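One-based numbering along the sequence shown. Since the model is a prediction, treat every value here as computed from it, not as a measurement.
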Amino acid sequence: MPKTADTGSSSNGDISVILSAISPVDVKSALAERRVQAEKDGASADYLEMLDHELPRFVDIFDKFLNSGLADDPRSFLARLSAAELTTLQSVQSLADPIRPESLSVEGAVNLLLPRSLSQDVDKNGMTSVGTAQTFVFPSTNAPADFKAAWEAKTANLSFAQRADLESALWQESLRYQQDVKLNKADALSSADPRYLATLVDRTISFAMFSLNFQPGPEQRANVQAQISQLRDLRELI
């Protein structure tokens with residue numbers, strides 16, 4: 001169940017910096033890659049038809065956003081969109097509920113206007129708001145560029161299921177990390193800080209090693225051991 005996003009403001013300067021580095025061409029390219037990947041992953045014909053219909057409209061909406069004079073206020077921009085345009089965003093972002101701009105954080109609003117692969121962790125807490133949903137993208141878009149490139153190279157030969165399992169383990173550990181930070185009233189590391197990546201991977205390795213003791217059979221144990229090996233390879237990249 002998605003959590004309701006905090007509607008607190010993020011810095012307009014952060015939004016301006018983000019958008020200065022993203023063009024409609026970047027958005028179009030990211031969406032095209034998503035379409036290719038969806039087909040590789042065996043998406044249904046209806047889903048692929050939806051993407052073919054809605055992705056060009058999504059690019060048009062993003063271009064309109066950049067030229068609206070409201071690029072530092074994505075919530076106000078969303079509030080001015082037509083019902084059809086909001087439906088396009090909802091469909092492309094795979095949201096179950098209609099978009100209600102007044103309920104969104106700045107981060108949640110701006111990420112509705114970006115492909116998932118370009119979504120931004122504006123408040124740098126390790127999670128990414130898309131609409132009112134809290135999602136996890138690893139590596140986050142503000143992670144060091146050399147690490148992101150190395151991650152893509154290291155995971156290129158993994159199956160969709162293997163990569164999803166690895167990302168899920170990292171996501172669950174990020175939630176435990178945020179919970180520990182709150183319980184201990186400690187300062188959280190920024191997701192843009194290389195120490196955050198190291199901490200997250202180290203914690204995920206530790207949890208996976210602990211979980212080995214509770215696997216029901218040899219196949220499950222082998223899967224966890226393979227994941228630990230992948231995580232250790234990942235740790236060497238940081």
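- Pairing each heavy atom of Val59 with each of Pro24, the nearest pair is CG1-O, 4.1 Å.
- To the nearest 0.5 angstrom, Leu234 atom CG is 9.0 Å from Thr155 atom OG1.
- Taking all atoms of both residues into account, the shortest heavy-atom contact from Arg116 to Ser119 is O-OG, 2.8 Å.
- Summarising the geometry of Phe65 relative to Leu19, their closest heavy-atom pair is CE2-CD1, 3.7 Å, with the distance given to 0.1 Å.
- The neighbour count for Asn157 CG, taken as heavy atoms of other residues, nucleotides or ligands under 6.0 Å away, does not exceed 12.
- Under the 3.5 Å distance criterion, the side-chain polar atoms of Gln178 are left unmatched by any main-chain donor or acceptor of Ser174.
- Using modelled atom types and a 3.5 Å distance limit, the side chains of Ser168 and Gln172 yield a donor-acceptor pair.
- Checked by atom type and distance alone, the side chain of Asn213 pairs as donor or acceptor with a backbone atom of Phe210 at under 3.5 Å.
- In this structure, the side chains of Lys124 and Leu189 stay at 4.5 Å or more apart for every pair of heavy atoms.
- Taking a 6.0 Å sphere around CZ of Arg80, one finds it holds 12 or fewer heavy atoms contributed by other residues, nucleotides or ligands.
- The two residues Gln90 and Pro98 make their nearest non-hydrogen contact at OE1-CA, 3.6 Å.
- Going from atom CG of Leu81 over to atom OG1 of Thr88 covers 9.5 Å, rounded to the nearest 0.5 Å.
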Atom pairs and distances, side-chain donor-acceptor, residues 218-227, under 3.5 Å, sequence neighbours left out:
unit_1, atom_1, unit_2, atom_2, d
Gln220, OE1, Gly217, N, 3.3
Arg221, NH1, Leu212, O, 3.0
Asn223, ND2, Glu219, O, 3.4
Gln227, NE2, Asp165, O, 3.4

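- Side-chain N or O atoms of Gln134 include none that pairs as donor or acceptor with a backbone N or O of Thr132 at under 3.5 Å.
- With sequence neighbours left out, the side chain to side chain donor-acceptor pair (under 3.5 Å) criterion links Ser206 to no other residue.
- A single hydrophobic cluster is seen to contain both Val181 and Leu197, as judged by linkage of ILVMFWY side chains at heavy-atom distances under 4.5 Å, directly or through other members.
- Leu51 places a side-chain heavy atom less than 4.5 Å from the side chain of Tyr47.
- Shown here is Lys148, whose NZ atom has more than 12 heavy atoms of other residues, nucleotides or ligands within 6.0 Å.
- Side-chain contact between Pro74 and Leu113 is present, with at least one heavy-atom pair separated by less than 4.5 Å.
- For Glu39 and Arg34, the salt-bridge test fails: no basic side-chain N is under 4.0 Å from an acidic carboxylate O.
- Sorted by first and then second residue, the pairs that involve residues 180-190 and meet salt bridge (charged side-chain N to carboxylate O under 4.0 Å, His left out), not counting sequence neighbours, are Asp180-Arg203.
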request  = Take Val106 and Val122 through the side-chain contact (heavy atoms from CB on, under 4.5 Å) test and state the conclusion after the steps.
outcome  = CA-CA 8 Å; Val106 173; Val122 177; 5.6 Å; no
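- In the hydrophobic clustering of ILVMFWY residues, with side-chain heavy atoms under 4.5 Å counting as a link, Val92 and Leu95 come out together.
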request  = Applying side-chain contact (heavy atoms from CB on, under 4.5 Å), run through Asn111 and Thr135 and close with a yes or a no.
outcome  = CA-CA 11 Å; Asn111 281 330; Thr135 68; over 6 Å; no
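- Judged as a side chain to side chain donor-acceptor pair (under 3.5 Å), and not counting sequence neighbours, the contacts of Asp26 are Ser23.
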task = Go through the steps for Ser82 and Glu85 under the test side chain to side chain donor-acceptor pair (under 3.5 Å), then give the verdict.
result = CA-CA 5 Å; Ser82 67; Glu85 289 171 318; 3.3 Å; yes
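- For Trp171, the CH2 atom sits in a loose shell: 12 or fewer heavy atoms of surrounding residues, nucleotides or ligands are nearer than 6.0 Å.
- The CG atom of Leu231 sits 11.0 Å away from atom CE of Met209, with the distance rounded to the nearest 0.5 Å.
- We find the CG-CD1 distance between Leu78 and Ile99 to be 6.5 Å, quoted to the nearest 0.5 Å.
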Verdict with supporting geometry, Glu173 and Val201, side-chain contact (heavy atoms from CB on, under 4.5 Å) = CA-CA 8 Å; Glu173 196 55 50; Val201 174; over 6 Å; no
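- To the nearest 0.5 Å, atoms OG (Ser20) and CG (Leu66) are separated by 10.5 Å.
- Ionic pairing of Glu236 and Arg232 is not present here: no N-O contact between side-chain nitrogen and carboxylate oxygen is shorter than 4.0 angstrom.
- Between the CG atom in Leu55 and the CG atom in Leu48 there is a gap of 10.0 Å [rounded to 0.5 Å].
- Counting heavy atoms from C-beta outward, Gln93 and Phe58 have side chains that approach closer than 4.5 Å.
- For residues 45-59, the pairs satisfying salt bridge (charged side-chain N to carboxylate O under 4.0 Å, His left out) are Arg35-Asp52, with sequence neighbours left out.
- In this structure Asn67 satisfies the side chain to side chain donor-acceptor pair (under 3.5 Å) test together with Asp63, sequence neighbours excluded.
- Ring geometry for Tyr177 versus Tyr196: interplanar angle over 60°, hence perpendicular rather than tilted (30 to 60°).
- Judged by distance alone, with hydrogens and angles left aside, the side-chain atoms of Arg75 form a donor-acceptor pair with the main-chain N or O of Leu104 at under 3.5 Å.
- Residues Leu112 and Val130 have side chains in contact (heavy-atom distance under 4.5 Å, counting atoms from C-beta outward).
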